[in-house]
Structures are given as structure tokens and as C-alpha cells.
Amino acid sequence: MPPGRALLGARIRELIEASVRVRDDEADLAAAARRVEAVTEALRAAGGANPLLLAALEGGGHLSVNNPLEGPGNPLAPPLSWVRVGPESVRADVLLGAAHEGPPGRVHGGWVAAVLDHVLGRATAAAGFPGMTASLTVDYHQGTPYAVPLTAEGRLVRRDGRKLHAAAELKAGDVVCATATAILVHFGADRFPVAAKSTTD
């Protein structure tokens with residue numbers, strides 16, 4: 001992946017976090033908005049029709065560098081940082097910020113579900129069975145703190161033909177904040193072919 005794309009994603013990610021934390025009485029928000037607008041217009045002028053830039057994944061397969069959960073080029077992505085990707089389980093570190101807040105001091109449940117869903121998909125793919133989520137059940141054991149290092153782990157539990165059963169959990173230290181189970185449907189490599197012109201290093 002071109003380093004400039006990851007750098008831009010990181011700087012915009014920082015901008016988003018700063019924008020939700022800024023105090024209205026201590027910054028000229030209108031002036032800041034004008035500067036952001038100028039940069040936005042410059043980027044829009046160089047925009048393309050297809051944001052799907054694919055990169056090879058550790059453990060096999062491809063994923064867009066603009067993926068909203070782990071894509072370094074996407075400012076919406078936390079992003080997830082993989083520390084283990086194997087056929088039995090996957091593990092990622094993630095740091096969610098104030099931009100992901102739901103209840104005071106806690107991560108919005110939708111973001112918790114999104115992280116777990118993504119980890120479940122990566123787990124089945126790492127086991128050799130990439131799939132799409134058909135159903136997802138999330139149990140929230142307690143509020144998930146933000147601005148605290150979190151660990152997400154997932155594993156393929158069993159496979160029944162094309163039906164994949166997987167489980168995941170999200171932890172803050174040793175405390176389990178949420179768990180999830182899912183059924184995914186396995187698809188072949190030809191279902192989403194990777195065009196040579198779309199790949200990037």
C-alpha cells in the first residue's frame with residue numbers, strides 16, 4: 001500500500017478524535033472548518049470511482065486497505081492491529097477513542113459488534129473458509145471502555161458444509177466486555193475475484 005494513503009488515514013483519524021473532544025469556547029471552529037473544506041476539495045478533485053484497493057492478508061486472502069475496521073487507509077477504522085493470525089484462532093489489538101463513544105466513557109455497542117463481527121470473519125478466513133456473516137449474536141457483559149487497549153479474539157468452532165460456526169470475545173485487560181457467536185456462509189475464491197489492477201503492495 002502506498003505509504004501516503006496510510007499516513008493520510010492516520011492524520012484524518014487524529015482530526016476526527018480532536019474534533020469530538022474540542023471545547024467550543026476554546027477554538028475557532030468556523031476557521032477550522034474552512035481549512036478542512038479546502039483539503040477536502042483538493043482530495044475530491046483527485047478522486048476515483050472505485051475505492052476498493054486490495055492488499056494481501058496475512059493468513060491468505062485479500063482485503064481492501066479502505067476496510068472500515070482494519071484498513072489503514074480508512075479514517076473510520078480504529079484500526080485493528082493483528083498480533084496473531086492462525087488456523088485455530090486470530091487475535092487483534094484495538095484502541096477505540098472518544099469518536100466511538102456511546103454511553104459516557106464507554107464504546108457504542110454498534111462499534112463493539114462491528115469489531116467482533118470482523119474478527120469472526122477473519123477467523124474463518126484464516127482457517128481456510130472465508131465467509132459472509134448470516135447471523136450474529138452479541139452478548140454485552142459490561143460497558144467497553146474507550147481510550148484503553150482492547151484485545152479481540154476469534155476462532156472457527158465448526159463447519160457444517162458451507163455453514164461456519166464461529167465465536168469471539170472482546171476484552172479490556174483480563175475483563176471480558178463482550179462475546180459473540182455467528183453463523184457465516186462459506187464462499188469460494190471465485191465469488192469475489194481479485195482484479196490485478198486493483199491490488200496494491
Side-chain angles (χ1 to χ4, degrees), residues 5-27 29 32-33 36-37 40 51-52 57 63-85 89-126 131-155 157 164-184:
R5 180 171 292 275
L7 180 61
L8 177 63
R11 295 295 85 82
I12 297 176
R13 202 171 292 121
E14 292 168 1
L15 174 63
I16 292 172
E17 186 72 5
S19 71
V20 300
R21 287 181 175 273
V22 67
R23 292 179 54 178
D24 292 357
D25 58 348
E26 293 190 5
L29 300 185
V36 172
E37 182 180 17
T40 300
L52 187 63
L57 289 174
L63 189 76
S64 171
V65 298
N66 291 323
N67 181 276
L69 271 300
E70 67 170 281
N74 189 337
L76 295 179
L80 277 72
S81 176
W82 299 98
V83 295
R84 184 179 72 243
V85 177
S89 65
V90 298
R91 175 181 174 180
D93 291 335
V94 60
L95 185 68
L96 297 165
H100 305 104
E101 185 180 51
R106 295 292 183 266
V107 177
H108 190 287
W111 272 102
V112 171
V115 168
L116 290 169
D117 178 59
H118 192 72
V119 170
L120 289 160
R122 284 287 254 128
T124 61
M132 297 181 68
T133 305
S135 68
L136 174 69
T137 300
V138 179
D139 292 313
Y140 299 93
H141 301 280
Q142 64 175 53
T144 301
Y146 68 79
V148 171
L150 304 171
T151 300
E153 296 192 57
R155 68 187 187 283
V157 176
L164 310 170
H165 298 263
E169 65 178 14
L170 183 66
K171 300 170 65 175
D174 294 328
V175 177
V176 176
C177 300
T179 56
T181 56
I183 297 175
L184 300 90

Sequence neighbours excluded and cut-off under 3.5 Å, please list the side-chain donor-acceptor pairs for residues 103-114, or say none.
from: His108; atom 1: ND1; to: Gly110; atom 2: N; distance (Å): 2.8

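Gly121 approaches Leu184 most closely through the heavy-atom pair CA-CD2, 3.9 Å. Between Thr124 and Gly131, the shortest heavy-atom contact is OG1-N, 4.0 Å. Nearest approach of Glu70 to Ala77, heavy atoms of both residues: N-CB, 4.0 Å. In terms of heavy-atom proximity, Ala147 sits nearest to Leu95 at C-CD1, 3.6 Å.
Between Pro145 and Cys177 there is a side-chain heavy-atom pair separated by less than 4.5 Å. Taking 4.5 Å as the limit, every side-chain heavy atom of Val119 sits out of range of all side-chain heavy atoms of Asp117. Using a 4.5 Å cut-off on side-chain heavy atoms (C-beta onward), Leu170 and Thr151 make no contact. His165 has its side chain within reach of Ile183: a pair of non-hydrogen atoms, C-beta onward, lies under 4.5 Å apart.
Residues Thr179 and His141 bring a donor and an acceptor atom of their side chains to less than 3.5 Å of each other.
Enclosure of atom CG in Asp25 by more than 12 non-hydrogen atoms of other residues, nucleotides or ligands within 6.0 angstrom is indicated. Annotation for Arg155: atom CZ does not count as buried by contact number, only 12 or fewer foreign heavy atoms lying within 6.0 Å.
In this structure, CG on Leu120 lies 6.5 Å from OG1 on Thr133, to the nearest 0.5 angstrom. If you take CG on Leu69 and CG on Leu80, they are separated by 6.0 Å, rounding to the nearest 0.5 Å. Annotation: the span from Glu169 atom CD to Leu116 atom CG amounts to 9.0 Å, rounded to 0.5 Å. The OG1 atom of Thr181 sits 7.5 Å away from atom CG of Leu136, with the distance rounded to the nearest 0.5 Å. Here the CG atom belonging to Asn74 is positioned 7.5 Å from the CG atom belonging to Asn67, to the nearest 0.5 angstrom.
Under the 3.5 Å distance criterion, the side-chain polar atoms of Arg91 are left unmatched by any main-chain donor or acceptor of Gly154. Side chain of His100 to backbone of Gly97: a donor-acceptor contact under 3.5 angstrom is found.
In this structure, Glu153 pairs ionically with Arg84, as a charged nitrogen and a carboxylate oxygen lie closer than 4.0 Å. Between Arg21 and Glu17 there is a salt bridge, with a side-chain nitrogen of the basic residue lying less than 4.0 Å from a carboxylate oxygen of the acidic one.
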